[in-house]
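In what follows, every chain begins at residue 1, and chains take the letters A, B, ... in the order their sequences are listed. Hydrogens, waters and symmetry mates are skipped; everything else that's a heavy atom, side chains included, is used.
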Amino acid sequence: MACWLVKTEPDAYSIDDLERDGTTDWTGVRNYQARNFLRQMQVGDKVLLYHSNAEPSGVVGMGSVAQLAGPDRTQFDPRSEFFDAKASREAPRWFCPKIRFVRRFRRTVPLEALRAASALQGLLLLQRGSRLSVIPVSDAHCKAIVSMSAGK
DNA sequence: GCCAACGTTGGC
DNA sequence: GCCAACGTTGGC
């Protein structure tokens with residue numbers, strides 16, 4: 001069972017929203033590398049939820065993959081901010097899995113703490129200039145982040 | 001296929 | 001709001 005980390009801006013869609021919704025289509029990812037990771041997600045994979053542009057930014061909880069990635073409906077909707085005129089239903093460009101809320105962490109693991117953790121060296125999120133909104137996380141890194149969320 | 005210009009992300 | 005670091009676009 002793989003583990004992933006997905007970023008979201010809480011002003012746009014927060015873990016509160018996911019908790020309320022239960023599950024949601026993870027729409028709006030418009031980067032090819034991130035898309036390719038979304039398509040690799042398997043049902044049951046863990047998903048660490050990360051709030052970016054937040055106070056503080058950090059990992060706020062856990063979700064899981066509820067459904068394999070299918071075409072992202074927002075790419076077909078001219079009224080959507082994620083509309084993509086070059087996509088068609090015959091040849092969709094963007095895909096999204098369904099993500100299920102699992103739990104909120106007792107405490108947010110802020111970016112600063114992630115950077116300070118020697119156990120997290122090599123985590124893609126922490127690499128200089130990394131902007132990917134969907135990244136794979138190794139089992140060891142995943143465990144380390146979860147243990148940080150529970151306190152020492 | 002190169003690369004300058006432009007757009008986006010996201011920490012600070 | 002600034003801006004560094006990337007990604008994408010489009011002229012040539």
Side-chain angles (χ1 to χ4, degrees), chain A residues 2-21 24-41 45-65 69-99 101-138 140-142 144-152:
Chain A
C3 181
W4 308 88
L5 180 146
V6 299
K7 295 180 187 175
T8 182
E9 300 204 14
D11 290 347
Y13 193 85
S14 72
I15 192 168
D16 297 327
D17 297 316
L18 181 59
E19 181 170 23
R20 179 198 63 218
D21 295 343
T24 195
D25 291 323
W26 204 258
T27 56
V29 174
R30 295 292 181 270
N31 168 282
Y32 286 106
Q33 205 179 341
R35 178 201 70 181
N36 293 342
F37 286 137
L38 289 177
R39 298 190 79 177
Q40 289 173 31
M41 290 184 175
D45 282 358
K46 293 178 188 168
V47 180
L48 295 164
L49 297 158
Y50 180 92
H51 279 177
S52 58
N53 279 322
E55 203 49 57
S57 293
V59 184
V60 293
M62 179 72 79
S64 69
V65 177
D72 178 339
R73 59 188 153 69
T74 64
Q75 71 193 300
F76 308 126
D77 179 0
R79 290 160 309 175
S80 168
E81 61 176 312
F82 302 119
F83 177 66
D84 183 344
K86 291 178 180 167
S88 67
R89 289 181 189 279
E90 297 72 35
R93 283 182 146 192
W94 307 110
F95 296 82
C96 62
K98 204 178 278 287
I99 303 290
F101 175 82
V102 173
R103 67 188 176 92
R104 176 192 302 278
F105 286 160
R106 196 149 64 77
R107 58 176 83 175
T108 295
V109 184
L111 180 60
E112 189 183 13
L114 297 172
R115 287 196 194 285
S118 55
L120 294 179
Q121 282 191 16
L123 182 68
L124 215 51
L125 178 78
L126 303 180
Q127 282 178 17
R128 171 188 164 83
S130 170
R131 300 186 318 189
L132 260 190
S133 60
V134 181
I135 69 167
V137 178
S138 73
H141 285 165
C142 188
I145 292 169
V146 169
S147 73
M148 290 166 76
S149 76
K152 303 250 164 66

Chemist: Once you round it to whole Å, what is the distance between C1' of C:dA4 and CZ of A:Arg128?
Modeler: 8 Å

Chemist: Between atom CH2 in A:Trp94 and atom C1' in C:dT8, what is the gap in whole Å?
Modeler: 10 Å

Chemist: Under 3.5 Å, which protein N or O atoms sit close to an N or O of nucleotides 9-12 of chain B? Give each pair with its distance.
Modeler:
residue : atom : partner  : partner atom : Å
B:dG10  : OP1  : A:Lys7   : NZ           : 2.9
B:dG10  : OP1  : A:Arg131 : O            : 2.9
B:dG11  : OP1  : A:Tyr50  : OH           : 2.7
B:dG11  : OP2  : A:Asn53  : N            : 3.0
B:dG11  : OP2  : A:Ser57  : OG           : 3.0
B:dG11  : N7   : A:Asn53  : OD1          : 3.3

Chemist: For A:Tyr13 and A:Trp26, take the angle between the two ring planes, folded into 0 to 90°, and tell me which bin it lands in: parallel under 30, tilted 30 to 60, perpendicular over 60.
Modeler: perpendicular

Chemist: What's the CZ-C1' distance between A:Phe82 and B:dT8, to the nearest Å?
Modeler: 12 Å

Chemist: Pick the nucleotide of DNA chain C nearest each of A:Gly129 and A:Lys86; which residue has the one closer to the 5' end?
Modeler: A:Gly129

Chemist: Any sub-3.5 Å donor-acceptor pair from A:His141's side-chain atoms to A:Leu124's backbone N or O?
Modeler: no

Chemist: So, for A:Leu48 and A:Phe105, which heavy atoms are closest and what is the spacing to 0.1 Å?
Modeler: CD2-CZ, 3.9 Å

Chemist: In whole angstrom, what separates A:Tyr32's OH from B:dT8's P?
Modeler: 15 Å

Chemist: Kindly give the heavy-atom pair with the smallest separation between A:Cys96 and A:Asp25, and that separation in Å.
Modeler: SG-CB, 4.0 Å

Chemist: Find the distance A:Arg35:CZ to C:dG7:P and express it as a whole number of Å.
Modeler: 15 Å

Chemist: Using atom CZ of A:Arg30 as one end and atom P of C:dT8 as the other, report the distance to the nearest whole Å.
Modeler: 13 Å

Chemist: Of all heavy-atom pairs between A:Met41 and A:Val134, which one has the smallest distance, and what is that distance?
Modeler: CE-CG1, 3.8 Å

